[in-house]
Protein chains: 2
Amino acid sequence: MPFRPTQITGNNAEKTKAHNRRVVLGYLRGRDAGRAEVARATGLSTQTVSNLVAELAREGLVAPQGRRAQARGQPPVVYGFNPTSAAILGFEVRPDALTMVLTDLGGKILTTGHTWLTQTDPAHVLGQMAMLAGQAATLAPRILGAGLVIPGPFGATGLNAASATALPDWVPSEIPALAESALALPVWLDKDATAAALAEGMFGAAKGAQTYAFLYFGAGLGLGIIDQGQPLRGAFGNAGELGHIVSHPNGLPCDCGNNGCLEQYVSRLAVQRHLIARGLLPADGHGTDAVLTALLARDDAALSAWVDTAAEALSRAIGMLENLFDPQYTILGGALPDALLDLLIARLALPPGSVAHQTGRDRPRVLRGTSGRLTAALGAAALVIHHTVTPRIAAYRIE
Amino acid sequence: MPFRPTQITGNNAEKTKAHNRRVVLGYLRGRDAGRAEVARATGLSTQTVSNLVAELAREGLVAPQGRRAQARGQPPVVYGFNPTSAAILGFEVRPDALTMVLTDLGGKILTTGHTWLTQTDPAHVLGQMAMLAGQAATLAPRILGAGLVIPGPFGATGLNAASATALPDWVPSEIPALAESALALPVWLDKDATAAALAEGMFGAAKGAQTYAFLYFGAGLGLGIIDQGQPLRGAFGNAGELGHIVSHPNGLPCDCGNNGCLEQYVSRLAVQRHLIARGLLPADGHGTDAVLTALLARDDAALSAWVDTAAEALSRAIGMLENLFDPQYTILGGALPDALLDLLIARLALPPGSVAHQTGRDRPRVLRGTSGRLTAALGAAALVIHHTVTPRIAAYRIE
DNA sequence: CCCCTTAACTCAAAATGATGGAATAAAGTA
DNA sequence: TACTTTATTCCATCATTTTGAGTTAAGGGG
């Protein structure tokens, strides 16, 4: 329930413990370590770490990996994160379909599920979710929680006309509670691009990074921004509507009322439209992925022309994102074939006037995401880990 | 020391108390209230609030405002924030000058100071600071701390060529410690636009807002972004380099290597260049403010033409910021006369395709800042309050 | 091979600070 | 005046972390 935080609450001993537990678990999720090392890194006493690790080990979330002599002194008992000790559910809700993944805590997919939706009211969709979850539950001894992602934007904004993809009845502040009773699990909700970004930082290309931008190709073009490990949300949960920034002043009209929106040039819909106009794809867009893969394999000129145009607009957009967000890197992912994303990246000509253009970079400025078609659903699953493992600001209360 | 946080640390009882103290003080800074009300709002017990308020009252930071009967029951003793109980120092360091303000905790300016700088090495500048601070100290019984702002970007980035304004020797991670020993006060450092944004949210146009964008006219064009009350920093502290996003593809060349950077069209330097080219301002730009005010008063056509161009570019930029950050509003402030900022705002034609274009807004999408020429120095002072009053994520450790 | 040093770890007591329940104070209401 | 409501205080209790004194298990020097 990330939206509209209104008031910062106080702490007490119990919340302190929960925080410390997340700190310790977060550290061990990053690397195996002995308890004394965790204590030094977190600033906690060894005693506290010892207690917390014992508790986590009792629950199976971490496990001893044996002693490892390093120098003098008694060798530490090294503990490591145990990703197979529990499972998590991720649901992606779109206007036409519901996708589910069940993963372990390391993001490894245990099973998937899918249903086409004819109605999109929460009651109906939550029923479908409960059904899929019931099937999945037989495969996992223990499910920690469920994540839920829906496309933005939320509320009545200037983008609504353009958002046939939005789910109007899905009020972010109400859904988690409904879902919790439907699934009998703790539930977290976020928007697709943000959740996908978290997943990429947890399991994928941005593993270990604290500050990065994730460019999400869904129907349009979304953006998830993670700064210091925390997602940027905005006042109404609508941060990251990258698709509707104006890339070409006086360019192609968009349903939103702007002319030259970026997603008219860089998106799955844009490439589909380009190919349909040239007779390379049926008008309903059926089989897009297969066609794209085939065209890429034979180095098709029409597709290559689209990539050139898209890469030009995308280069400017990424330069802008770099200057505004100063990410460690920008990641491209979502519903486009990996080969096409790779080609787009190869054709980028990033502007020199960027804070990301610096000496001594260890990695490229732009990377491809690793999770492919299931990006959003995996992102949903990652929400659970994010909220279970990542220390937060003092909890926000929602009113 | 906001930059390069590396590790989240654990909590203990003392940190918990410090957090709760900030929560309580933060609440009372927003509105007067009885202790029971604070307890309800923060989720703390009345006893805890009572203890913390007593401590804060002992220090003078809050003071009882008398009883206020409201309904039945014993009327609460209402406590209020006491802005005159202490003072704070704010320093703005630029390559050519050092500006100081001494304010009370409400942002009211008690005195100002100014020195031209011939050298910019930290040792020299810190000496000048200590001198100014010494003079100011006679006016305030108690100084809580000092804030320090410097222009970005930090490190060796692609914008360095363009940043004659940057201070190369000022390494953000080292300065606060040096300054603390020079001033014998707690010191916080941040970049100008970010600090100015915090000040605007604390004392100015965005008072009470949690999520907003502040467009800062310095030499170039900076941006401070506050999301959920926390500044956006980026991986290297360089988030918000708005001036060098490409506004006009293939437009005017910029020292940074890009063509068509926004600050070539919208900045103090841009309007100066426009006026110099037309013989309305001496080539050294001397007397810019007076000239601008005079030209505005007589509705000068040349200036008006600049405003039109600037407003067009600015409208697109603001639309973009809205879609990326989803702020409650965007604020324009800094080193331009209020009348010019007002005219710019009046001429904006904001794009319709924006998440900020929503029904039921209580305030305009764009506001003018309130603090004028001293914006950055006031921002520096605001840093002290931000760190004293605002609850934070578990403290970051710097390595 | 023994003893010293180093480091990890455990146990029990102490310290910190939040909480909960009972008692008290001060108002409005019947 | 008695009763209800709300704010506040007092005091004992509770949840945690920290501290300090051992204990264990390794390496290194003679």
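In the text below, chain A, chain B and the rest are named by the order of the sequence lines, each starting its count at 1.
Residue B:T16 has no polar side-chain atom (N or O) positioned under 4.0 Å from OP1 or OP2 of C:dG17. For C:dA8, one of the phosphate oxygens OP1 or OP2 lies less than 4.0 angstrom from a side-chain nitrogen or oxygen of A:R40. Between B:S50 and D:dT9 there is a side-chain polar atom (N or O) within less than 4.0 angstrom of OP1 or OP2. Note on A:T48: a side-chain N or O is less than 4.0 Å away from OP1 or OP2 of D:dT18. OP1 or OP2 of D:dT17 has not a single side-chain nitrogen or oxygen of B:N11 nearer than 4.0 Å. A:N12 has no side-chain polar atom (N or O) that falls below the 4.0 Å cut-off from OP1 or OP2 of D:dT16.
Closest contact between the side chain of A:P76 and the listed nucleotides D:dT18, C:dC9, C:dT10 involves C:dC9. Ranking C:dC9, D:dT9, D:dT17 by closeness to the B:R35 side chain, first place goes to D:dT9. Closest to the A:E14 side chain, of the nucleotides D:dA15, C:dT10, D:dT18, is D:dA15.
Shortest non-hydrogen contact noted between A:V187 and A:E180 is N-OE2, 3.0 Å. Heavy atoms only, all atoms of each residue included: B:Y79 and B:Q65 are closest at C-CG, 4.0 Å. Between A:A239 and B:D326, the shortest heavy-atom contact is N-CB, 3.4 Å.
Judged by atom type and distance alone, A:Q47 does not reach the base of C:dC9 through any side-chain donor-acceptor pair under 3.5 Å.
Distance CD (B:E55) to P (C:dT16): 14 Å, rounded to an integer number of Å. Distance, B:L44 CG to C:dA18 C1': 8 Å, rounded to whole Å. Look at CZ on A:R68: it is 17 Å from C1' on C:dA7, rounded to the nearest Å. Rounded to whole Å, atom C1' of D:dT16 lies 9 Å from atom CG of A:N51. Here the C1' atom of nucleotide C:dT16 and the NZ atom of A:K17 are 17 Å apart, to the nearest Å. Taking atom CG of A:L52 as the reference point, atom C1' of D:dA15 lies 13 Å away to the nearest angstrom. The distance from atom CZ of A:R67 to atom C1' of C:dA8 is 7 Å, rounded to the nearest whole Å.
A:N82 is linked by a side chain to side chain donor-acceptor pair (under 3.5 Å) to A:T84, counting only residues two or more places apart in sequence or in another chain.
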Between the protein and nucleotides 22-24 of chain D, list the N/O to N/O atom pairs that are separated by less than 3.5 angstrom.
unit_1 : atom_1 : unit_2 : atom_2 : d
D:dT24 : O2     : A:Q74  : NE2    : 2.1

Distances for protein N or O near nucleotides 27-29 of chain D N or O, under 3.5 Å:
unit_1 : atom_1 : unit_2 : atom_2 : d
D:dG28 : O4'    : A:R72  : NH2    : 2.9

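For the pair B:L232/B:I226, no side-chain contact is recorded, criterion being any heavy-atom separation below 4.5 Å from C-beta on.
For the pair A:R31 and A:Y27, the cation-pi test (distance below 6.0 Å, angle within 45°) is passed.
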From CA spacing to verdict: side chain to side chain contact (heavy atoms under 4.5 Å, CB included), B:R29, B:I385: CA-CA 10 Å; B:R29 217 180 59 82; B:I385 300 187; 4.1 Å; yes
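Between the side chains of A:N51 and A:E55, no donor N or O sits under 3.5 Å from an acceptor N or O.
Remark: side-chain polar atoms of B:D227 are paired, donor with acceptor, to backbone N or O of A:G234 under 3.5 angstrom.
With rounding to the nearest 0.5 Å, the separation of CZ in B:R233 from OG1 in B:T194 is 6.5 Å.
Between A:A13 and A:E37, the residue anchored nearer the 5' end of DNA chain C, judged by the nucleotide with its closest heavy atom, is A:E37.
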